There are 4 protein chains.
Amino acid sequence: MRAREFGIEIGSMKPGRLNAITDVEGVGVGHATLIQGDDVRTGVTAIVPHQRNPFEENVTAAVDLFNAYGKATGLPQVMHTGVIETPIMLTDTLNTWLVADAVLDYLRERYGVTPRSLNPVVGETNGGFLNDSFGRHVRKEHVFAAIDRARSAEGMGVVEEGNVGGGTPMTGYGFKGGIGTASRAFGGSTVGVLVQLNCGRREDLTINGVSVGREVEMPPPEGREPGNSIMMIVATDLALTSRQLWKVAKRAVLGLARTGSFGSNGSGDFVIAFSTGERCVDELIESMPEMRRPRLGEGFLNPFYKATAEATEEAIINALFKAETMVGINGNTRYALPLDQVVSIFKRYGRTARARPRPTPP
Amino acid sequence: MRAREFGIEIGSMKPGRLNAITDVEGVGVGHATLIQGDDVRTGVTAIVPHQRNPFEENVTAAVDLFNAYGKATGLPQVMHTGVIETPIMLTDTLNTWLVADAVLDYLRERYGVTPRSLNPVVGETNGGFLNDSFGRHVRKEHVFAAIDRARSAEGMGVVEEGNVGGGTPMTGYGFKGGIGTASRAFGGSTVGVLVQLNCGRREDLTINGVSVGREVEMPPPEGREPGNSIMMIVATDLALTSRQLWKVAKRAVLGLARTGSFGSNGSGDFVIAFSTGERCVDELIESMPEMRRPRLGEGFLNPFYKATAEATEEAIINALFKAETMVGINGNTRYALPLDQVVSIFKRYGRTARARPRPTPP
Amino acid sequence: MRAREFGIEIGSMKPGRLNAITDVEGVGVGHATLIQGDDVRTGVTAIVPHQRNPFEENVTAAVDLFNAYGKATGLPQVMHTGVIETPIMLTDTLNTWLVADAVLDYLRERYGVTPRSLNPVVGETNGGFLNDSFGRHVRKEHVFAAIDRARSAEGMGVVEEGNVGGGTPMTGYGFKGGIGTASRAFGGSTVGVLVQLNCGRREDLTINGVSVGREVEMPPPEGREPGNSIMMIVATDLALTSRQLWKVAKRAVLGLARTGSFGSNGSGDFVIAFSTGERCVDELIESMPEMRRPRLGEGFLNPFYKATAEATEEAIINALFKAETMVGINGNTRYALPLDQVVSIFKRYGRTARARPRPTPP
Amino acid sequence: MRAREFGIEIGSMKPGRLNAITDVEGVGVGHATLIQGDDVRTGVTAIVPHQRNPFEENVTAAVDLFNAYGKATGLPQVMHTGVIETPIMLTDTLNTWLVADAVLDYLRERYGVTPRSLNPVVGETNGGFLNDSFGRHVRKEHVFAAIDRARSAEGMGVVEEGNVGGGTPMTGYGFKGGIGTASRAFGGSTVGVLVQLNCGRREDLTINGVSVGREVEMPPPEGREPGNSIMMIVATDLALTSRQLWKVAKRAVLGLARTGSFGSNGSGDFVIAFSTGERCVDELIESMPEMRRPRLGEGFLNPFYKATAEATEEAIINALFKAETMVGINGNTRYALPLDQVVSIFKRYGRTARARPRPTPP
């Protein structure tokens with residue numbers, strides 16, 4: 001169950017139909033997940049901005065580097081050209097470069113394009129607590145599978161969360177983390193966010209304002225640094241310029257802050273925002289009465305900012321709710337967030353949290 | 001009463017002695033407040049980084065521009081040189097330039113320095129709802145008074161909050177805002193934050209995780225845009241480089257996010273961080289056992305990040321708690337946060353909030 | 001005489017009709033020059049982006065901070081909002097803030113606008129070698145006169161260069177500097193540049209590739225730091241986005257580099273670029289055959305980059321050619337570039353340089 | 001022969017002993033060059049900041065992104081952490097990611113380190129005119145060979161220039177380009193620059209102020225875009241902070257500008273600067289009498305700025321002088337700069353250029 005199914009309603013704006021980044025029309029998500037033997041716990045996630053050839057039809061994009069302890073490829077060029085020309089890939093740190101290289105092959109094999117120059121955008125977080133990261137087990141076929149899946153009817157539908165794709169071995173706030181998503185819809189437009197969550201300290205975890213991390217009763221997480229870094233991908237259909245998207249991207253960190261992160265020094269906290277450009281600003285303004293006023297400037301961005309903060313916060317919580325306890329390399333274990341405790345903690349703080357959820361691990 | 005006196009304990013780190021920016025040794029704060037007739041509601045606040053001549057002894061500094069809809073002066077030079085050479089002044093938007101000019105006179109009249117070049121740092125938020133801003137009532141004598149006060153034993157003590165100095169006419173989350181401060185101490189070091197709060201929408205106000213803005217029962221605030229912009233000043237005694245201070249500065253926005261702001265498009269959300277350099281990194285590491293490890297890198301910054309986020313969040317709440325209802329130009333009224341309602345809302349959400357506080361305005 | 005009248009043709013692109021920033025239709029320039037007694041050598045220059053009310057009709061803009069040792073106001077907001085809403089003013093360092101404040105009054109008195117918020121853009125360089133800078137002699141009436149002049153048929157015509165307006169007391173490469181301008185036209189579009197030149201060391205001065213500074217025979221310039229800082233204003237009529245203008249702005253420094261500057265540490269090397277938006281990109285591409293190709297991306301920016309570099313280089317040389325020897329405060333003297341020597345140096349290096357120019361000072 | 005052997009003395013500062021980046025003590029350079037069959041013209045260049053393990057002993061570093069149309073890896077992390085922890089690699093665009101991945105293997109195989117996180121810094125320019133770039137022929141063994149070579153007595157000596165290593169297939173100003181280097185020494189310190197030159201249009205080529213590109217008589221270069229992008233690596237022994245190195249890095253573009261580039265829109269113009277930290281600022285100031293003055297601030301950076309601009313300019317010209325005509329894929333030919341013509345053009349413009357150099361290709 002996802003956070004909202006528990007009655008946890010983050011923020012005040014309405015989610016889109018699936019409460020997922022795929023609510024932005026055309027956006028597709030595909031995961032390839034590798035769980036083999038005792039020590040392979042990895043994978044790759046592809047996000048396609050639309051169902052066409054992204055190299056031929058670039059999307060407007062922007063980047064916010066909140067704390068750039070991270071190896072993501074392709075970001076400087078996005079910052080200067082304002083466009084993305086490949087799927088966005090998410091994976092484990094040390095797979096980053098082989099994944100980037102494989103995107104090049106994908107273009108030739110699936111689109112028949114042999115570019116002389118290409119700027120693959122690959123983000124990463126570090127799954128080394130559960131995964132044999134140095135083994136770099138994500139290869140070309142997994143990259144192909146993830147993108148293929150993202151380019152399909154299924155890829156445009158419900159997004160799998162938790163221990164999948166690039167998020168497979170990740171940790172969030174000392175619990176099992178991974179992939180999470182959420183969205184907000186308003187005035188005919190949509191903002192969708194997908195995160196690969198691998199950051200935060202347990203004692204700082206805050207769920208919709210409740211300090212769950214300080215109240216949970218469980219042994220402390222193993223590992224000196226239980227998780228670090230978060231990739232946040234923001235999509236919208238509104239035809240914003242790159243500068244406007246940059247300002248939207250900066251709001252993702254506000255949602256991150258509300259879950260308790262202080263942006264740890266060794267954390268790669270990156271935001272990539274893009275627009276499919278399907279809806280124009282005039283339409284938006286027309287459909288929102290409070291926007292129809294003189295000297296509006298870029299005031300129409302405000303609901304996008306708020307939506308981005310809320311959807312990022314909820315995507316992070318969804319990642320924690322959907323991830324399951326995992327045992328990995330060296331027998332390392334990362335426990336899932338004990339949802340039964342969340343329910344009782346929420347009750348204690350006057351919040352609703354429905355249902356009989358996943359019990360605390362023994 | 002301040003937030004903590006109500007039993008509202010934000011975060012998990014300990015405040016300094018005064019829970020104020022002046023806990024950083026040598027830092028002084030002075031306000032000059034102008035409340036005259038029906039329409040003058042303004043003032044200026046000075047923060048001195050130490051009690052000596054700042055033009056002769058510059059302090060290391062950095063800036064984070066989260067949403068630079070604002071007129072603050074001096075910031076580009078701070079970004080490149082990494083130092084501040086004047087007091088930091090806070091005032092109402094349209095006073096910005098006269099205040100900057102007056103700092104020049106202050107140097108000559110009080111220090112006997114006639115610089116050929118000077119980079120005054122002045123921040124602002126917009127008090128036009130209550131104040132005759134265009135009148136630019138803050139003049140040289142007020143600037144002098146504020147700095148003189150900051151350069152005194154009193155200036156180094158308890159900091160007045162609420163409707164004082166630059167914060168006099170400001171609004172926060174649709175309630176009366178203004179100046180607030182808080183601090184955190186750890187490992188022998190201190191981080192202090194002072195804010196001039198003028199941003200946020202009422203429905204978004206969150207106090208220590210509780211959505212007070214949505215629960216408060218009061219007529220909606222007057223004015224189309226009830227407040228915008230926030231200046232956040234971060235001080236520490238640890239001798240950080242400008243790059244490190246920049247990373248510390250970026251964490252102030254995390255505290256802002258937790259109070260509910262989404263960084264409105266017309267908001268100037270600026271952070272200025274400086275170090276007095278009184279304490280060196282090696283001392284810090286020596287005094288914190290968990291820091292004594294190989295390959296630490298800049299991991300010692302983590303408590304500074306967390307302290308900055310926590311102290312900023314608390315400084316904002318303190319501004320709301322200490323500000324009083326004010327009537328200003330055109331009879332415009334900005335009501336104080338009804339602390340009695342805060343108490344009952346907190347009780348409803350399983351939080352302690354002691355005492356019999358200020359009642360809701362009738 | 002200007003550089004081109006000497007036969008010095010910088011670069012390979014064609015200048016506009018006046019070879020001035022005013023070749024960009026609608027752009028106006030006005031100077032107010034103060035030369036009084038022995039020690040007042042200052043002034044202010046206004047550049048209006050069009051002849052209408054800039055507060056009501058903002059222009060798209062961007063900023064490049066190459067070396068931000070400078071006090072220019074308004075730049076952070078331009079960087080985030082991508083627009084300029086006032087005339088651009090240039091003056092002596094310590095006048096900066098009074099000039100910014102006076103722009104506010106101009107809006108009320110000339111346009112009947114009383115803004116609650118305003119972001120005046122004022123640039124500066126330091127004229128303290130010849131001028132009583134601390135006296136801050138530029139006042140409201142001079143600001144008004146400069147803007148009024150810029151908003152007139154005359155302001156849209158030939159631009160006065162050398163010891164005028166904000167450039168009055170400035171130094172360039174150890175010679176008398178000040179205001180200079182140049183332009184380039186192509187494909188129906190225009191790029192115009194205006195500089196306030198106050199930077200460089202004599203030995204580094206390079207004119208169209210010739211190391212004039214090393215060959216000139218004259219006593220070394222007085223003053224330990226003979227001049228520092230340069231403000232470069234770039235205008236175009238092509239409707240570029242702020243991100244594109246930012247990339248154009250970065251090319252001004254290429255022109256500066258070719259005149260010999262290494263961007264001294266205490267130099268404020270700022271570029272402000274704006275677009276009047278009168279011409280659209282499609283028109284440009286249509287009119288330049290080499291641009292009509294698939295996958296052009298932003299290749300159409302290339303002539304704008306080259307034009308910006310060339311026009312900046314020529315504007316700097318024009319400032320040196322048009323400035324006259326000036327005696328100022330404390331009897332300090334800054335000598336004009338000896339154009340007779342330039343002619344003979346050019347001849348020695350196989351370059352044409354026509355005419356009988358201004359002789360070396362005795 | 002290199003530029004200086006022709007009598008072309010760029011700037012006024014003195015080169016170091018080898019006039020190469022290896023004049024900075026401890027810096028090593030190694031090339032692996034692949035020239036096979038008709039279509040493989042590629043390679044990889046390694047620059048090691050010192051002869052020890054860079055992962056264990058990071059060097060302070062900074063980045064300037066002048067025009068970030070480029071795929072370089074690792075730069076965001078360098079910008080935030082201020083350090084480099086691997087050799088710096090230069091190669092052909094589409095090899096970028098395999099080279100980054102191979103650096104990981106190098107650490108394990110040569111240093112016995114298996115890092116869980118690593119930030120390889122790889123720069124690239126596009127050699128697709130002469131090379132089968134899509135073939136990605138640079139593999140692990142070439143990466144190992146280049147780094148091994150850089151970590152040797154030979155690697156610390158004379159640097160091969162022209163068609164070697166990452167520069168093998170590159171083009172500069174429509175002529176054969178590739179690797180070039182130069183240095184400047186002063187006050188006991190050294191600045192060294194190495195470039196991988198692949199940018200510029202023939203008509204813009206300027207050598208020491210002479211417009212050689214417009215005067216050369218040769219058929220126009222083949223290929224629509226004859227070369228793009230330049231990687232500039234700046235090394236110094238002075239212990240600068242990352243912020244100071246960033247300011248030094250920005251000066252490389254000044255040298256680039258003087259060779260005629262306008263920073264083409266599709267050009268990746270990147271600068272990476274690092275310091276070995278072997279010499280401290282106080283020593284420098286002590287050894288340069290003009291630096292011994294009060295309120296110096298960071299004025300001691302000025303000779304570093306000038307040195308960086310001069311050495312970058314000279315490194316670019318050295319790349320052109322040392323590169324030889326090359327035939328590659330599809331029979332594409334890139335001709336070397338005709339040095340005989342350079343001599344006569346220089347003579348025409350009153351410049352010395354000694355010797356009987358390489359003749360124009362027939």
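Keep in mind that this is a model prediction, so the values were computed, not measured.
- With a threshold of 4.5 angstrom between heavy atoms, C:S261 approaches chain D through N, CA, C or O but not through any side-chain atom.
- The parts of C:R258 that come within reach of chain D are both its backbone and its side chain, each placing non-hydrogen atoms under 4.5 angstrom from that chain.
- Going from atom CD of D:Q341 over to atom CZ of D:R348 covers 8.5 Å, rounded to the nearest 0.5 Å.
- For C:F66, the parts lying under 4.5 angstrom from a heavy atom of chain D are both the backbone and the side chain.
- A distance of 3.5 Å separates OH in C:Y349 from CD in C:E215, rounded to the nearest 0.5 Å.
- For C:D204, the part sitting under 4.5 Å from any heavy atom of chain D is the side chain, from C-beta outward, and nothing else.
- The parts of C:K250 that come within reach of chain D are both its backbone and its side chain, each placing non-hydrogen atoms under 4.5 angstrom from that chain.
- Geometrically, C:R251 engages C:Y305 in a cation-pi contact defined by less than 6.0 Å to the ring centre and at most 45° from the axis.
- The most heavy-atom pairs under 4.5 Å with chain C, out of D:G255, D:S211, D:A257, come from D:A257.
- When heavy atoms are compared at a cutoff of 4.5 Å, D:K306 approaches chain C by way of both its backbone and its side chain.
- Each of D:I207, D:I316, D:V212 was evaluated against D:Y173; a single residue qualifies, D:I316, per the side-chain contact (heavy atoms from CB on, under 4.5 Å) test.
- Between D:T259 and D:E313, the closest heavy-atom pair is CG2-CG, 3.8 Å.
- Across every non-hydrogen atom of D:L94 and D:S133, the tightest pair is CB-O, 3.7 Å.
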